[in-house]
J.: 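I have a structure here, written as structure tokens, and I will follow up with some questions on it.
Letters A, B, ... mirror the listed sequences (proteins, then strands); counts begin at 1. Given the structure is predicted, the values throughout are model-derived calculations rather than measurements.
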There are 2 protein chains.
Amino acid sequence: MQFSKSTDYALHALIHLAQAESHKNIGVRELSTILSVSESYLSKIMAKMRKDGIVRAVPGVKGGYELAKSAENITFLEVIQAIEGRQQMFECSNLNSKQHQLLAELNRTERSTKTKTTDRGECLVKKVMDGAEQHLHQYLREHTIQSVLDQAIKHCGHSTNKK
Amino acid sequence: MQFSKSTDYALHALIHLAQAESHKNIGVRELSTILSVSESYLSKIMAKMRKDGIVRAVPGVKGGYELAKSAENITFLEVIQAIEGRQQMFECSNLNSKQHQLLAELNRTERSTKTKTTDRGECLVKKVMDGAEQHLHQYLREHTIQSVLDQAIKHCGHSTNKK
DNA sequence: CCTATTACGGACCCGCAATATCCATAATAA
DNA sequence: TTATTATGGATATTGCGGGTCCGTAATAGG
């Protein structure tokens, strides 16, 4: 139950891109030295984000990467999903276990009266876990690359104000 | 970023234990057939929960497992942590990267005036992720084995009331 | 006391995904 | 044309999740 190192690299790379001037491409070489990671590996990470429309790339001399949209429109959630994929956090492997059959029996009475296919034999454990995932996603949707930058500025500004 | 199958097994096993009569030990054999998983593997899972005080075990003939405390006192969080461990969801591998040094520079001005060791060079990305983890934990703390059982009963009762 | 049953713990194996590297190719600025 | 840069494929390596096996200890019942 851990986020991969790739996610870590991706987020930090994006923050660096966001700090740079707009329309100034930044190469993998520069990013990799800053993040202390190999160029080849970082390339794969950037490629994933490119496919998901988070960054834009231009090849050739003076090429590199830039954000494909504004930093406040890049949420933590989409970055994580670009890197880690979109599979569910919890998968119920007991779909045809006796416990589910029992659960189905309880629901059967309800179904016989209502004949609705909704809520058919859904695992209650999975329902809780899905709820947890939704909560997590909501939080991650509310935090963007820009919000981190703002936080950094606040930190800095806070000290000058204090002075 | 997925929960292991072991967690799935653990939760379903606990629900079965909670449904059983109190003070009636249930063997791994019975649990394993219900969950469609091997005895040897489930043993490891039960052992982890035993070490964390979630279930109690008695060896010997007629031995088996029972809940170590009431079902409403067993939260999803502690079950998950018993199985998956307590490492943080997000680990920042760039602790001495240039990006963090930059972040430290911003904080240095503040520190020079306040000389506080709190908030020293903390990665802002990690702060967001830690926040996400706390949110997730809070949700998982609010859901217990008993709450799943209640939900099941409500489902059942709902249909009879409808009738 | 003996035996069957059960939990406990260690050693071990397997497959896969995360991590990481290398190279050949295409695109582009100068 | 050349140097630079992203792209994508092929290929290790390694750690971990998932899983099995077996020897030991504990306990109930005869």
J.: Looking across every strand, which nucleic acid part, if any, lies under 4.0 Å from B/A57 by heavy atom: base, sugar-phosphate, or nothing?
T.: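 The answer is sugar-phosphate, as B/A57 gets under 4.0 Å only of primed atoms, P, OP1 or OP2.
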J.: Between the side chains of A/Q146 and A/D150, does any donor sit under 3.5 Å from an acceptor?
T.: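 Result is yes, a qualifying pair exists.
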J.: In whole Å, what is the span from the NZ atom of A/K48 to the C1' atom of C/dT19?
T.: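 About 11 Å, once rounded to whole Å.
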J.: Is A/R50 close enough to D/dT7 that one of its side-chain N or O atoms is under 4.0 Å from OP1 or OP2 there?
T.: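 So the side-chain polar atoms of A/R50 do come within 4.0 Å of the phosphate oxygens OP1 or OP2 of D/dT7, strictly under.
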J.: Scan residues 6-15 of chain B for pairs that pass salt bridge (Lys or Arg N to Asp or Glu O under 4.0 Å), counting only residues two or more places apart or in two chains.
T.: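 Not a single pair qualifies under salt bridge (Lys or Arg N to Asp or Glu O under 4.0 Å).
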J.: Fit a plane to each ring of A/Y139 and B/H135, take the angle between them on a 0 to 90° scale, and name the class: parallel (under 30°), tilted (30 to 60°) or perpendicular (over 60°).
T.: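 Ring orientation of A/Y139 relative to B/H135: tilted.
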J.: Suppose we screen for salt bridge (Lys or Arg N to Asp or Glu O under 4.0 Å). Which residues come up paired with B/E39, at least two apart in sequence or across chains?
T.: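 Once residues adjacent in sequence are excluded, the partners of B/E39 under the salt bridge (Lys or Arg N to Asp or Glu O under 4.0 Å) criterion are B/R29.
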J.: May I have the distance from B/Q2 (atom CD) to C/dA17 (atom C1'), rounded to whole angstrom?
T.: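 It is 11 Å, rounded to the nearest whole Å.
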J.: Taking CE from B/M46 and C1' from C/dG9, how many angstroms apart are they, rounded to a whole number?
T.: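 Answer to the nearest Å: 16 Å.
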J.: Could you check whether B/Y41 and B/S6, counting side-chain N and O atoms only, form a donor-acceptor pair closer than 3.5 Å?
T.: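 The answer is yes; a qualifying pair exists.
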J.: Which letter, B, S or -, goes with each nucleotide of nucleotides 17-30 of chain D from 5' to 3', with contact meaning a protein heavy atom under 4.0 Å?
T.: -BBBB----BBB--
J.: What is the distance, to the nearest angstrom, from the CG atom on A/L42 to the P atom on C/dT19?
T.: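 That distance rounds to 13 Å.
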J.: In whole angstrom, what separates B/N25's CG from C/dT6's P?
T.: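 The answer, rounded to whole Å, is 11 Å.
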J.: So does B/V28 get a backbone contact from the side chain of B/S32, meaning a donor-acceptor N/O pair under 3.5 Å?
T.: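 Checked: pair present.
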J.: Return the angle between end axes of the helix from C/dC1-D/dG30 to C/dA30-D/dT1, with five pairs used per end and rounding to 10°.
T.: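 Here the local axes at opposite ends form an angle of 10°.
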J.: Return yes when atom CD of A/E21 has more than 12 non-hydrogen atoms of other residues, nucleotides or ligands closer than 6.0 Å, and no otherwise.
T.: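 At most 12 heavy atoms, drawn from other residues, nucleotides or ligands, come within 6.0 Å of this atom.
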J.: Given atom CG of B/L17 and atom P of C/dA7, what is their separation to the nearest angstrom?
T.: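 Interatomic distance, CG of B/L17 to P of C/dA7: 11 Å.
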J.: If the condition is salt bridge (Lys or Arg N to Asp or Glu O under 4.0 Å), which residues does B/K48 pass it with, not counting sequence neighbours?
T.: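 Residues passing salt bridge (Lys or Arg N to Asp or Glu O under 4.0 Å) with B/K48: none at all.
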J.: Applying salt bridge (Lys or Arg N to Asp or Glu O under 4.0 Å), which residue pairs with at least one partner in residues 77-90 of chain B are found, sequence neighbours left out?
T.: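 Found B/D52-B/R86, B/K69-B/E78.
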J.: When the distance from CD of B/E66 to P of C/dA7 is rounded to whole Å, what number comes out?
T.: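 Atom CD in B/E66 sits about 12 Å away from atom P in C/dA7.
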J.: How close or far is atom C1' of D/dT7 from atom CD1 of A/I45, stated in whole angstroms?
T.: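 Nearest whole value for this atom pair: 15 Å.
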